[in-house]
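Taking it in order: structure first as structure tokens, then the write-up.
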Amino acid sequence: MSLDFSAVVPYLPLLLKGTVATVEASALSSLLGAALGLLLGVGLVVPLRWMRLLCWCYVYFVRGTPLLVQLFIIYFGLPSFGVDLGAFASGVLGLGLNSAAYVAEIVRAGIEAIPRGQIEACRVLGLSYCQTMRFVVLPQALRNMLPAFANEFATVLKQSSLLSSLAITELTMAGQQVRSVTFASFETFAVVALIYLALTSAIGIALRTLERRWSVS
Amino acid sequence: MEAICVRGLTKRFGSREVLRGVDLSVEEGEVVSVIGPSGSGKSTLLRCICGLEGFDEGEIRLMGRSLVELSRDRAAMASTVGMIFQSFNLFPHMSALENVALAPVRVKGMPEGRAKELAMSLLSRVGMAEQAHLRPSRLSGGQQQRVAIARALAMQPRVLLFDEPTSALDPELVGEVLEVISSLAREGITMVVVTHEMLFAREVSHRVVFVDEGRIACDGPPEQVLCNPTCERLQAFLRRLLPHFGSASGG
């Protein structure tokens, strides 16, 4: 068979609309994931046993179950408790809660990589645990975590294709719609894949720019 | 007044007894060097005194107050005892000045401007005023340790503890750090220095304490402890450290 990309061209605006939805959902999910993940990550190292256990359980559950099942629990399951968020909000929430567990592990590893001696110096100087975290540990840890954060952002972006199962017209869903009218399956999804690649590449470039800027200061 | 009073201090790590009933008394203004083989418990003793390490039995009193009671108040504790570590432990994301000013601002609630002035004057005291705005990674080991000393001084502690302050330094950088410590000693600051620098122990300290296997084996003026050691283990320790020891004390 021969490839015919011209069949896809009239539907590029539809794919573009899907791309916008993908970027929106990923950005919101990543924001939620980063904020919650930071709290969870600190929760994994605080000197409070019950808090560590609680955060550990969350991470354990989220990392041990498929994202698609988690999305279904929120989108199809929660309405039976009277919580109906709608497709987009369910998708963002599910993706964000999922990402938080992975961010938490990144944060925990980042915190544990700070040499113990610095924390001891803080203690002798009279800084509280919270002050030690805020002024000494986290500023260094967050900087070291930047590459892992960007990686996680790219992962969220790729996983957002699962939101198509919630009937959200993001990029993958848009691709399916285009395919169903053009029947140019390979060409359509090749274009879709290239758009994803362009987006994840952009994240990589943004990260390197940010890293360069931070290392100078 | 007694600045540090340690009575019957016992510390175990699991089943291993690191300190076995240590008694140590340091008067205000006194400079005490602590020597002894590695693993003898010197560092653990210092870490117990500054509250970094708990202990199993005994009592520690600082400036007349019990450590247990004192350590409930972080600011009071930090204004009583300061610690200088072997590996400096500076905060790499802050300039030298910010390293020194952090605790006065956050622990004492000192206004930022005044804390920076204080930090600057402390940095000039250790000869680091010109490098005040550099990060630790731009400083030599000796310079980093001098900044660490200024940082410890910023809480104006009554007692300074030094845990092998020159052991991580290249030989040519040891002198500048010892010089700073000596000048602090001359100013009358109470100090306990764990060190392998025998010349420093002899010249600067008022007393030398030899720790061996978790106990204080010898305690006295430097001439007596270092030049005429009576205890056999100390003689052996000094012979290992100073190959010419036997002949020097003979002559």
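Heavy-atom contacts from other residues, nucleotides or ligands closer than 6.0 Å to CD of B:E176 number more than 12. Annotation for B:F13: atom CZ counts as buried by contact number, over 12 foreign heavy atoms lying within 6.0 Å. Counting non-hydrogen atoms of other residues, nucleotides and ligands closer than 6.0 Å to CD of B:E130 gives a total of 12 or fewer. The environment of CZ in A:F76 is crowded: more than 12 heavy-atom neighbours from other residues, nucleotides or ligands sit within 6.0 Å. Under a cut-off of 6.0 angstrom, the local environment of CZ in B:R7 is crowded, with over 12 non-hydrogen atoms contributed by other residues, nucleotides or ligands.
Of all non-hydrogen atoms in B:A78 and A:L125, the two that sit nearest each other are CB-O, 3.3 Å.
Note: A:T132 OG1 to B:L102 CG = 8.5 Å, rounded to the nearest 0.5 Å. Between A:Q118 atom CD and B:N89 atom CG the span is 7.0 Å, to the nearest 0.5 Å.
Side-chain atoms of B:R106 do not come within 3.5 Å of backbone N or O of A:F135 as any donor-acceptor pair. Distance alone, capped at 3.5 Å, places no donor-acceptor pair between the B:H93 side chain and the A:R143 backbone.
Contact of B:R151 with chain A is made through backbone and side chain together, with heavy-atom distances under 4.5 Å. Looking at B:L90, only its backbone comes within 4.5 Å of chain A, counting heavy atoms on both sides. With a 4.5 Å cut-off on non-hydrogen atoms, B:F85 touches chain A through its side chain but not through its backbone. With a threshold of 4.5 angstrom between heavy atoms, A:Q131 approaches chain B through side-chain atoms but not through N, CA, C or O.
Your options are A:P139, A:G126, A:A121, and the one with the most heavy-atom pairs under 4.5 Å with chain B is A:G126.
Contacts with chain A (heavy atom to heavy atom, under 4.5 Å) involve these residues of residues 67-77 of chain B, listed by number: B:R74.
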Passes side-chain contact (heavy atoms from CB on, under 4.5 Å), B:V81 versus A:V124? Steps please.
CA-CA 8 Å; B:V81 57; A:V124 177; 5.7 Å; no

